[in-house]
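All chains are named by letter (A, B, ...) in the order of the sequence lines, taking the proteins before the strands, and each is independently numbered beginning at 1.
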2 protein chains.
Amino acid sequence: MARPKFGQIHSGPSGAGIERGEMVLPRAAKTQRRTRIQEQKEERILEAALEVFSAHGFRGSTIDQIAEVAGMSKPNLLYYFRTKEAMHRALIDRVLDTWLDPLRELDAEGNPVAEIRSYIRRKLELARDFPRESRLFANEILQGAPHIEDELKGPLKQLVDEKAEVIRAWAKAGKIAKCDPYHLIFAIWSTTQHYADFDVQVRAVLGQEHAGEGRFEDAARFLERLFVDGLQVRE
Amino acid sequence: MARPKFGQIHSGPSGAGIERGEMVLPRAAKTQRRTRIQEQKEERILEAALEVFSAHGFRGSTIDQIAEVAGMSKPNLLYYFRTKEAMHRALIDRVLDTWLDPLRELDAEGNPVAEIRSYIRRKLELARDFPRESRLFANEILQGAPHIEDELKGPLKQLVDEKAEVIRAWAKAGKIAKCDPYHLIFAIWSTTQHYADFDVQVRAVLGQEHAGEGRFEDAARFLERLFVDGLQVRE
DNA sequence: TGATAATTTGACCGGTTGGTAAACATTACA
DNA sequence: TGTAATGTTTACCAACCGGTCAAATTATCA
C-alpha cells in the first residue's frame, strides 16, 4: 500500500497525483503498460463514439448511445474514459493528425500544378473514405470549436502558414497565378469536405440516379479542372 | 360554446381538428388573424431561436436558453410555439426561401460569366451578413437533415435542376467551359458558406491581423477570379 | 491453486430538460 | 364598464442524462 489505490475513486478533477496524460487510461492500471484487452476495448469505444458524435454532435450524443453501438454497458465505457468529454477528446486527438496529412504532403519541390492537383484528390479521397471523421470536425467547428480552439490556433495555423508560404513562393516564381494562398487552401478544404459534410444535400440534389460513388469521380474531375485552370498562369 | 375552447389543452398530436398549418399560431387564436402582439412576440422568439439553434444545433439548444435570449419565460415561448421542434421548423421554413434567393436570380438571359460572378458575390454577402442562418442549415444538414429532408428533395432539387440546365446550355453554346453544372453549384455553395460555417477556423488560421471584415473582400477577389478563370473558354 | 488486480454490471443519484396545469393578468370589444 | 378572449407566470412533473457506487465476475500470475 505504498500508494492508495484509486479504483473507482475519481470524483473530481483533482485526483491526487493523477496526471492529465493518464486520464485516457483505465483507472486501475498499476502495470503501467496497456494490456491487449484495454487496447481492444478502447478501440471499440472510440469507433462507436466516432459513429455517434459525428452524427449528432457532442451535445446531441449520449453515453448510452455510444455504449449501445459499442455493445457495452455505460459504466464499462466510463471505466475506460472517465467522462464523455474524454472520449470526444481522445477521438479528436487521434483524428486530427491523419486529417491534416494531405496538406503536410504538399511538396515545395514538386511541380506546383501537380502538387495542388494531388492535394485535391487526396482530400477528396478522405472525404469519400472517412466521412465520419470529417463530420466530427465540422460539427465541432460549426459550434465554435469549444474543445479544440488551441489546436486550431496552434498546430493547424502553423501548418497552414508554412504551406501558404510555399504556395506564395510558387506564385512569386511565376509557376502559378498570383493568388491569396490562404483562401486557396480554404477553397480546397471547403469544396472537398462538402462531399462528406453535406452528403445528404448532395445526394438529395443529385437524385437517385447518382446514388453510387460516381459522384466522387465527377467531383474530382470538376475540381481538378477548376483549380488547375483557375490557377494556371496565362499571358 | 359551439367549440370546446382549446386553451392549454393540446397534450398529444391529435388535437381534435387542429390542422398542421395552425400549429405555429398561438392556441387560442379564434379570431383567425394574427394580432400585432402575436407577430411581435413570434418575431422575438424566432430571433432568439436563431441565435441559439445556430450556435448549438437542435439538440444542443434548450428552450430555457432561447427564453432567456428572448427575455421571456419558458411557458410563454411554449404558448406561441407548442414544441421546441415547432420553433425550429418555423425558423427553417422562414430562412430557406431567402437563402436560395441568390440562385433564383441567376438569369439565363444574362452574360454567363457576369451572372456567375455576381452569384458568388451575393452568396458571399449572405455568408457575411447572415452567418447564423447559414450555420442553422449547416447544422441541420450535417446531422442528416432529419427535419428538412422533404425540402431538400423537393423545392431545392427542383431549383437546382432548373439552374443546372441553364448552366449546361451556356456551356453547350460555348459561352463558358464545359463542366458539370451540379458540381459547379456545389463548389460555389461550399466555398462561400465556408466563411460563415467555419468562421472560427478561418479566423484562427488567418490570425489576429485579419480579424476585421477584410477577409470577405479577399475571399471575394479570390473566388471570383478562381471561378471566372476556371470556367472561361480558351482555345 | 489461491490471492490479487482488472474488468463488468445493476442499481442508483442529482441535475437538467421538454412540456403541462392552473391560476393570474391584460387586452379587445360590445 | 363588463366580459370573454388573449397573454403571462409560478409551480410542477416525468423522462433523460452524466456520472458514481458497491458488489460480482473474470483474468493474471506467483
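- The pair B:K157-B:D150 fails the salt-bridge criterion, with no side-chain N (NZ, NE, NH1 or NH2) lying under 4.0 Å from an Asp/Glu carboxylate O.
- Among D:dT20, D:dT8, C:dT20, the nucleotide with an atom closest to any side-chain atom of B:N76 is D:dT8.
- Salt bridge B:D199/B:R215: present, at least one basic N to carboxylate O contact under 4.0 Å.
- Between A:Y79 atom OH and D:dT25 atom P the separation is 17 Å, expressed in whole Å.
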Under 3.5 Å, N/O pairs linking protein and nucleotides 14-18 of chain D:
residue	atom	partner	partner atom	Å
D:dG18	OP1	A:S61	O	3.1
D:dG18	OP1	A:K84	NZ	2.9
D:dG18	OP2	A:I63	N	3.0
D:dG18	N7	A:K74	NZ	3.1

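- For A:Y80, counting side-chain heavy atoms from C-beta on, the closest listed nucleotide (C:dT9, D:dT9, C:dT8) is C:dT8.
- A salt bridge links B:E149 with B:K153: at least one charged nitrogen is closer than 4.0 Å to a carboxylate oxygen.
- Put simply, CE on B:M72 is 17 Å from P on C:dG19, counting in whole angstrom units.
- Side-chain atoms of B:D218 and A:Y182 form no donor-acceptor pair, as typed in the model, at a separation below 3.5 Å.
- Taking 4.0 Å as the cut-off between side-chain N and carboxylate O, B:E162 and B:R104 do not count as a salt-bridged pair.
- The NE2-P distance, from B:H56 to C:dT16, rounds to 16 Å in whole Å.
- Of the candidates C:dT20, D:dG7, C:dA6, C:dT20 carries the atom nearest the B:P75 side chain, counting heavy atoms from C-beta on.
- Side chain of A:K41 to backbone of A:Y80: no donor-acceptor contact under 3.5 angstrom is found.
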